[in-house]
Structures are given as C-alpha cells and as structure tokens.
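Note sheet for the following structure.
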Amino acid sequence: MTIPFHDEPGAASGPVPPPECPAHGVGVGPGGLRRFYGPEAENDPAGLYDKLRAEHGSVAPVLLHGDVPAWLVLGHSENLHLTRTPSQFSRDSRRWRALQDGSVAPDHPLAPIFTWQPVCVFADGATHERQRGAVTDSMERIDTRGVRRHINRFSNRLVNDFCEKGTADLVGQFAEHLPMMVVCAIFGMPEEYDDALVQAARDMIRGTETAVASNAHVVAALTRLVEGRRAAPAPDLASWLLEHPASLTDVEVVEHLRLILIAAYESTANLMANVLRMVLTDPRFRARLSGGHMTVPEAVEQTLWDEPPFTAVFGRWAVGDTELGGQQIKAGDALLVGIAAANTDPRVRPDLAANMEGNRSHLAFSGGPHECPGQDIGRAIADVGVDALLMRLPDLELGVEESELRWVGNIMSRHLVELPATFAPSPQQAVDSDPLSMMARSRPAVDWEVSSPSRPVPAPASSAVGTPPAHAPGAVPYPDPVMAPEPEPTAVRPVVPAVAPPVDPVPAPPSVPTGGPTADPAAVRESDDPAGGDPAGTAAIPQQRGPGAPARLWRAVSRWWYGS
C-alpha cells in the first residue's frame with residue numbers, strides 16, 4: 001500500500017496510531033513511517049526489511065535522520081531499474097525537494113553524503129562521462145600485481161604487531177587499517193596514514209555530530225596531496241587524475257579522491273571483517289575454506305551476498321513523477337538503493353542458506369553507470385589480506401561468544417565493532433621495506449573492469465583550481481541542476497592483455513587437425529586486438545586468457561596426443 005510522506009499535503013490526515021500503540025516506539029516516526037536510523041535499523045536491519053516488505057512491498061517509505069522522508073528500494077529488479085535509468089532517477093542531489101524547501105539544513109548529519117560536489121557520483125550524462133572516464137582511466141594505470149605485493153607486505157606488517165601476543169582484535173588491529181594503508185599508497189600519500197585518518201574516514205558517513213568535522217579532516221589531507229602533486233607529479237593516482245585529458249580542476253580531483261577513499265576504505269574494511277567473522281563463527285564455511293573446497297576469493301564473493309559492505313546507497317532523486325514497485329514517486333523524492341535488501345529479495349534468494357558460489361549478480365557494488373569502479377581493488381585487498389592472515393595464523397579462534405559481537409550501523413553500512421580472536425603465539429616475520437614507488441603499471445593490464453565508457457573530451461570551462469566544494473568553509477552554493485539529464489549506458493571496457501612470460505619452445509606436432517586452435521601466438525594476439533584484423537567485430541569480446549595461452553594449451557595437448 002502507499003502511505004504519503006508526512007510533510008506532503010493531506011498526510012497529516014492519514015491514520016495515526018493511538019498513544020498506547022507499539023508503533024510509537026523509537027523505530028516509528030510521524031505518519032507511522034519506520035525510521036531507517038536508530039536502534040531498530042542498526043541492530044536488526046534484516047528484520048526491518050521484512051517488516052517493510054510486508055507493509056509496502058518492494059519499495060517502502062522510510063524516515064532518515066531528523067525524520068526526513070525518503071524511499072527505500074527493497075526489490076532486486078527494482079534496484080536494477082533504479083540504478084540503470086538515470087533519465088528517471090538522477091544522482092544530482094540538488095533535485096531533492098527537501099533541500100529546495102529548507103526541510104533539510106546544510107548541517108544535517110548526512111550532509112557529507114548528500115551535499116552536491118563536483119564529482120561523477122553526483123553527475124549524469126556528459127558530465128558524468130567526462131569525470132568517470134578520468135577516474136576509470138587513471139585507475140587502469142595502477143599496477144594490480146604491484147598492489148597485491150604491497151597488500152601482502154602491509155598485511156604481514158600488521159600481523160607482526162600482534163602475532164607474539166596470542167590475542168588480537170581483527171577489526172581494530174587489522175581490517176580497519178589494511179585498506180587505508182593500501183589506499184594511501186595508491187593515492188601517493190603514505191605519510192598521511194595514521195589512526196586519525198582511519199577514524200575520520202569511518203566517522204564521516206555515520207551521521208554523527210562529528211561527521212562534518214571528520215569530513216573536513218579527510219578533505220584537508222587530500223587537498224595537501226593535490227597541491228603537492230600539481231607542483232611535483234609522481235606515479236600515483238592523484239597525479240594521473242591531474243594530468244588526465246579531461247582536465248579536472250583541483251577541487252574535482254580532491255573530491256574524486258575523497259569519493260574513492262570513502263568507497264574503497266569503508267567497503268573493504270567491512271568486507272574483510274565480515275569474511276573473518278564467517279571464518280571464525282561458521283564451522284561449515286571454515287571447513288570448506290580449509291579443506292580446499294572454497295578459495296578465499298569465493299569466500300569473499302559469498303560474503304558479498306550475505307553481508308555486503310554497503311547496505312544501502314543514498315541516493316537517487318526522481319526527475320519527474322513516476323512509478324516504481326507499485327509506489328507513486330513524485331519529482332524531487334529521494335530514494336535509497338537497498339543493496340542488502342536486494343541481496344535477500346525472496347524472489348531472487350528464496351533460500352538464504354543456499355550457496356551462491358560463482359554467482360555475481362549481487363548488488364554489493366551497486367549497478368548501472370555508477371557501479372563502483374574500484375571493486376577489483378577492494379576484492380584484491382580482501383583476498384590477499386585475509387589469505388595472508390590465515391597463512392600466518394591458521395589456528396585463529398573466536399575469543400568471545402558469538403552473541404557478544406556488536407555492530408554499529410548507519411544508513412549506508414553496518415560494521416563490526418570488534419572481532420576478538422585467539423591463536424598460538426608465533427614469531428614475527430621479516431618484511432622488507434618498500435618505498436611504494438612502483439604503483440604505476442609497467443605493462444598492460446591483465447584484468448577486466450566494468451565501467452562507463454570514457455573518451456577524450458574537451459576541457460571544462462573552469463580554472464585549474466575550481467570552485468570550493470559546498471561543504472568547505474566559505475563556499476558558494478552550487479547552481480541549480482539542469483532538469484533534463486542525459487541518460488548514459490554502461491559498457492564493458494577491455495584492457496589490453498599483458499605480454500605473456502616467455503616459455504620454453506615446444507616442438508610443433510607433425511600436423512594440426514583443421515578446426516582446432518591456432519598454434520601461432522601472433523595470430524592469437526591479432527585476434528585479441530580490438531582495433532584490427534576483425535571486420536566482424538568479434539574482437540570486442542573480452543578474452544579470458546593472455547596472449548599465447550591457447551597456443552600453449554594446444555601444444556601441451558598435441559604433445560600428449562602424439563606421445564612426445
């Protein structure tokens with residue numbers, strides 16, 4: 001059923017629960033709408049989703065901090081439509097009616113999340129394409145193999161801090177710190193890594209009274225980095241964004257680095273904590289992992305279904321009056337992408353205990369043009385970090401009763417406060433110091449990424465410095481949005497495969513049966529080239545092996561076939 005928001009005309013005349021009704025509890029606000037914040041939402045989000053589904057279906061009205069109305073999208077297919085249709089649901093928060101009529105103040109606890117900034121996450125159409133292209137292209141320059149080596153080194157450094165004690169908090173001493181160490185290294189600011197930056201990154205999206213100050217701390221650190229890299233470029237993400245043909249301003253670069261830091265840090269810290277909790281609390285999960293029936297990447301993927309690092313994303317704003325999930329959405333309404341709710345949609349997962357191995361249709365990284373561009377790096381941090389920890393401390397056990405574990409939640413995420421563990425004390429391992437000077441990719445990529453298309457575009461009509469963001473002191477309010485955003489498709493962007501390592505020459509067989517794979521590596525490389533040798537356009541299909549792999553496979557099969 002549809003319940004009008006309490007601040008709309010006629011809403012006050014709707015049914016109001018009597019004073020003795022339980023609906024007057026802390027989880028229910030004006031108009032009988034459920035609050036998407038507070039104890040109930042934080043302690044039992046799954047229970048809240050079930051109540052909202054039973055009352056409203058796949059799209060439910062909820063209240064944000066300060067009892068500001070919004071829509072929570074619960075259904076999997078409805079969330080896909082929400083994220084894939086920017087012509088109906090824009091990312092430009094300036095469309096929000098509550099902002100326009102003053103019901104949401106600039107110092108609202110969620111201001112660091114919804115305040116419009118000159119970044120791709122708040123843009124649609126051509127602007128989004130220009131900014132997102134700069135982010136995607138710059139991230140493609142990261143040496144993924146080098147990053148994995150850094151992750152392993154950082155992991156072992158962290159383990160060295162507690163391995164001799166026999167006890168540790170795997171959240172506070174490991175999961176919260178490893179992602180920030182890696183992100184700071186990729187950005188080119190390893191000297192900025194400290195406990196204050198870690199805590200500020202977590203606090204700024206919680207909707208607390210200190211969220212605005214925490215956001216200012218992060219922005220100040222990133223501003224120092226960008227000012228330094230504008231004067232002296234280096235092989236890091238900040239420099240690559242500054243030198244990209246999209247000609248981002250300094251403000252745009254700062255805000256995009258801030259966006260990447262929030263997404264990469266918070267999501268990866270939560271993901272690692274959730275994977276480790278599953279290892280320590282679910283005997284079947286651990287048995288499959290220890291017995292080789294499940295790899296760490298598969299364990300990570302299962303966790304992305306069951307405990308996504310971001311439970312919801314705020315937000316989308318309706319471009320005009322429309323309908324979604326049977327609800328009448330009005331122009332300017334705010335909507336939340338319900339990631340955790342979509343992952344447990346009964347229409348998609350009727351049995352939540354079923355194994356989702358190999359299935360990546362979850363919405364842990366959202367979807368559509370704004371799907372997370374750094375998800376592969378987040379997966380790498382979780383994969384390598386968890387694996388390194390379990391290799392060093394294979395006898396990890398939960399140090400408290402599972403019922404004693406506590407979570408802290410907000411509208412975007414729900415993270416474990418502590419994960420006490422015990423293990424047999426072990427000696428420290430030597431970890432060579434690395435100057436973090438090899439983050440740039442020295443050879444083409446080997447992995448594939450899903451992102452919005454990017455292409456060379458003219459520089460924007462703005463200065464190199466740009467306008468300060470709205471959340472900065474003394475900032476000028478941003479202009480109103482263009483009310484007709486350009487819809488933007490997504491595309492799979494292949495990255496040129498890396499040159500395969502040299503292999504020992506293998507004698508060619510006496511003959512090769514027709515119709516089999518070619519034994520000429522050059523022919524394979526030509527077929528992989530999207531720019532040539534393929535008038536039919538088949539080269540646009542990503543290859544899952546590096547150049548020469550089919551040839552080496554065929555040679556091995558031929559040697560076996562001919563007995564050589």
Side-chain angles (χ1 to χ4, degrees), residues 93 105-122 131 134-135 138-139 154 176-244 247-269 374 410 412-413 436 439 462-478:
S93 62
D107 60 349
H108 189 275
L110 297 179
I113 301 173
F114 67 71
T115 301
W116 187 90
Q117 295 126 35
V119 292
C120 59
V121 75
F122 287 104
Q131 296 174 337
V135 172
S138 298
M139 295 188 73
F154 293 154
E176 284 190 342
H177 286 269
L178 180 61
M180 185 61 75
M181 296 173 78
V182 176
V183 169
C184 285
I186 291 174
F187 281 14
M189 49 184 278
E191 72 284 351
E192 293 282 359
Y193 164 75
D194 57 19
D195 288 341
L197 191 62
V198 169
Q199 297 308 316
R202 300 226 84 164
D203 182 63
M204 63 189 290
I205 65 171
R206 289 181 184 174
T208 63
E209 295 181 355
T210 57
V212 175
S214 295
N215 179 71
H217 179 84
V218 172
V219 170
L222 296 175
T223 300
R224 290 192 295 270
L225 169 67
V226 171
E227 289 173 350
R229 288 298 182 265
R230 178 68 76 180
D236 53 45
L237 188 63
S239 300
W240 299 331
L241 285 172
L242 286 167
E243 67 188 35
H244 191 272
S247 301
L248 301 182
T249 67
D250 285 10
V251 170
E252 287 180 313
V253 173
V254 168
E255 292 303 320
H256 279 94
L257 290 174
R258 171 183 173 273
L259 170 67
I260 297 169
L261 183 143
I262 295 172
Y265 171 71
E266 178 72 11
S267 63
T268 308
N410 54 63
M412 290 186 63
S413 67
L436 304 177
M439 281 296 179
S462 57
S463 66
V465 176
T467 306
H471 53 74
V476 178
Y478 287 112

Would you please test Met412 and Glu266 for side-chain contact (heavy atoms from CB on, under 4.5 Å) and show each step? CA-CA 10 Å; Met412 290 186 63; Glu266 178 72 11; over 6 Å; no

Please lay out, stage by stage, how Arg258 and Glu255 fare under the test salt bridge (charged side-chain N to carboxylate O under 4.0 Å, His left out). CA-CA 5 Å; Arg258 171 183 173 273; Glu255 292 303 320; 3.7 Å; yes

Please test Leu237 against Leu257 for side-chain contact (heavy atoms from CB on, under 4.5 Å), starting from the C-alpha separation and ending with a verdict. CA-CA 8 Å; Leu237 188 63; Leu257 290 174; 4.2 Å; yes

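Rounding to the nearest 0.5 angstrom, the gap separating the CD atom in Glu192 from the CG atom in Leu261 is 11.0 Å. For the atom pair CZ (Phe187) and CG (Leu241), the distance works out to 8.5 Å, reported to the nearest 0.5 Å. Atom-to-atom distance recorded for Tyr193:OH and His177:NE2 is 4.5 Å, nearest 0.5 angstrom. If you take CG on Leu242 and CZ on Arg229, they are separated by 9.5 Å, rounding to the nearest 0.5 Å. The structure places CD1 of Ile186 at 12.5 Å from CE of Met181, a figure rounded to the nearest 0.5 Å. Residue Leu259 holds its CG atom at 8.5 Å from CD of Gln117, rounded to the nearest 0.5 Å.
Here the side chains of Val121 and Gln131 are not in contact, with every heavy-atom distance at 4.5 Å or above. You'll find the side chain of Leu197 reaches within 4.5 Å of the side chain of Met180, heavy atoms only. For the pair Cys120 and His256, the minimum side-chain heavy-atom distance is below 4.5 Å. Looking at Phe122 and Thr115, their side chains never come closer than 4.5 Å, going by heavy atoms from C-beta outward.
Between Trp240 and Pro235, the closest heavy-atom pair is CZ2-C, 3.6 Å. Across every non-hydrogen atom of Pro109 and Ala211, the tightest pair is O-CB, 4.1 Å. The two residues Ala221 and Met189 have their closest heavy-atom pair at CB-CE, 4.3 Å. Taking each heavy atom of Pro106 and Ala111 in turn, the nearest pair found is O-CB, 3.3 Å. Scanning all heavy atoms of the two residues, the minimum distance from Val218 to Ala201 falls at CG2-N, 4.2 Å. The shortest heavy-atom contact between Ala200 and Ser214 is O-CB, 3.5 Å.
Put simply, the side chain of Thr249 gets close to the backbone of Glu252: a donor and an acceptor are under 3.5 Å apart. At least one donor-acceptor pair closer than 3.5 Å links the side chain of Tyr265 to the backbone N or O of Glu176.
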